[in-house]
Amino acid sequence: MIAAVETAPAPAAMPRPALGMIDLLLRDRERMLARIHQGTDLAAIMRTMIATIAVTMAIVGATLGSYRGGVQIAYAAIKLPIVLLGTAALSAPALSAIGAALGRRSRLSADLALVMAALAFGSLLLVACTPLIMLGRSVDLDYHRMILAVVAMFAVAGAAALRMICRGVALEAAPGWRTAVVGLCVVFSLVGGQLAWALRPYLVRPRAPEVMFLREVEGSLFDSVTGAMRSARGIYERDAAPLGTAAP
Amino acid sequence: MSVATQAPFPVPRGLAIALAAAGPVAAGGILAARAHDASPMLAAPAIVFGVVAATGPALYIATAAAGNAPPLAAVIRAFGIALGAFGLALSGLILPAAFVSLSSVSVATTVAVTSGVVAIAGYLGLRRLASELRAGGTGDVLGGASLAGGIVFVIWAIATASIAGRLWWDLAVEVVS
């Protein structure tokens with residue numbers, strides 16, 4: 001009896017459900033994946049994960065924006081959560097659809113929860129990297145090195161999120177799960193790349209005289225990459241690059 | 001045999017086959033929106049169903065001649081499931097394709113993206129057809145022991161995909177040029 005009283009958790013020590021879910025995501029992803037696989041509390045998981053992505057990516061965006069400072073902090077804080085949530089909403093159904101086409105027992109809500117949980121985990125890793133971004137700003141790391149550092153951070157977070165998706169889908173051991181994950185990666189890369197491209201810039205040079213919320217609609221990311229490759233081979237589509245104005 | 005009684009999709013098969021018609025209409029619609037020409041919306045499903053109708057009997061005849069005589073009903077059922085798989089896959093890919101296409105001003109992006117999603121869905125449909133022929137119905141249509149059956153299927157799949165791909169490419173180039 002005494003032992004039972006001693007081992008019972010104190011009500012005051014219980015974390016709030018949303019915070020408990022984030023804690024579970026960070027500490028015990030196997031249990032989180034099992035809950036998603038069993039379809040337990042999917043709506044609550046989705047709500048918590050969407051809120052987590054929105055808040056953490058806003059923090060990451062604001063930190064990136066602080067490299068330039070001023071209104072760019074707010075712009076990047078607004079745009080970065082939109083990029084990730086919009087990409088997830090457009091891409092997650094591909095996981096269900098490709099899996100279903102190959103005979104996997106897919107549930108759109110469970111797949112959405114899995115993708116959101118994985119992205120929330122990646123977002124939490126990114127928010128853990130924000131001190132490094134601030135360190136770069138404080139030691140006046142040059143623009144291109146800062147870009148490379150940010151790309152490396154996003155690559156690590158993206159790989160962690162992808163690993164979680166793979167483990168979540170592999171739990172089912174359903175036919176075609178590998179193809180479904182590869183399909184999701186392709187669609188996610190295309191949509192994420194294009195949405196991020198359409199909503200750029202996020203990281204702006206400190207000396208930039210003015211910043212804009214969005215650039216004009218141009219060709220796609222694919223067009224830009226092919227254009228850059230042509231320029232690298234000495235094939236230019238205009239006579240000269242525009243000249244910048246000298247900094248005061 | 002449990003495979004025969006198991007539902008092939010998480011949605012009714014009729015809906016999956018309806019998606020096989022609606023998906024190409026939507027893919028053609030993306031192309032039509034860029035080219036300001038509605039013809040791809042009709043031509044795309046016509047290519048899908050027309051090519052399958054034209055080449056499907058050849059697969060049955062060739063596998064039968066190769067010594068794997070499948071019951072006709074099993075082959076028809078496998079084609080129905082494969083078309084449903086094509087439609088389901090396309091239903092998940094069409095929204096991202098529409099976004100990528102409409103958020104770019106480049107015609108080449110539209111052609112590349114719509115062609116890509118139709119090709120991916122086509123590949124998944126062919127893969128499902130192969131697995132249904134192998135595992136469904138009699139369980140011996142493209143049995144693992146039959147190398148000839150497998151070769152026939154691969155040749156048929158390459159020919160069918162090439163014909164459909166060529167027709168789609170000609171359509172896309174014509175409407176955007």
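Throughout, a chain's letter reflects where its sequence line sits, starting with A, and its residues are numbered from 1.
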- Task: Measure the spacing between CZ of B:Phe99 and CG of A:Leu190 and express it to the nearest 0.5 Å.
- Result: 11.0 Å
- Item | Residue pair A:Ile98 / B:Leu93, side-chain heavy-atom distance below 4.5 Å | yes
- Message: Walk me through whether A:Gln194 and B:Thr109 qualify under side chain to side chain contact (heavy atoms under 4.5 Å, CB included).
- Response: CA-CA 11 Å; A:Gln194 180 67 12; B:Thr109 301; 5.8 Å; no
- Query: If you take all heavy atoms of B:Leu88 and A:Ala97, which pair is closest and at what distance?
  - Reply: O-CB, 3.1 Å
- Query: So which heavy atom on A:Leu90 is nearest to which on B:Pro96, and how close?
  - Reply: O-CG, 3.2 Å
- Of the listed residues (A:Pro93, A:Ala94, A:Ala198), which shares the most heavy-atom pairs with chain B below a 4.5 Å separation? A:Ala94
- Any idea which of A:Val186, A:Val187, A:Thr179 has the most non-hydrogen atom pairs under 4.5 angstrom with chain B? A:Thr179
- From B:Ser104 atom OG to A:Trp197 atom CH2, the distance as rounded to the nearest 0.5 Å: 10.5 Å
- Whatever's closer than 4.5 Å to a heavy atom in chain B on A:Val191 counts as both
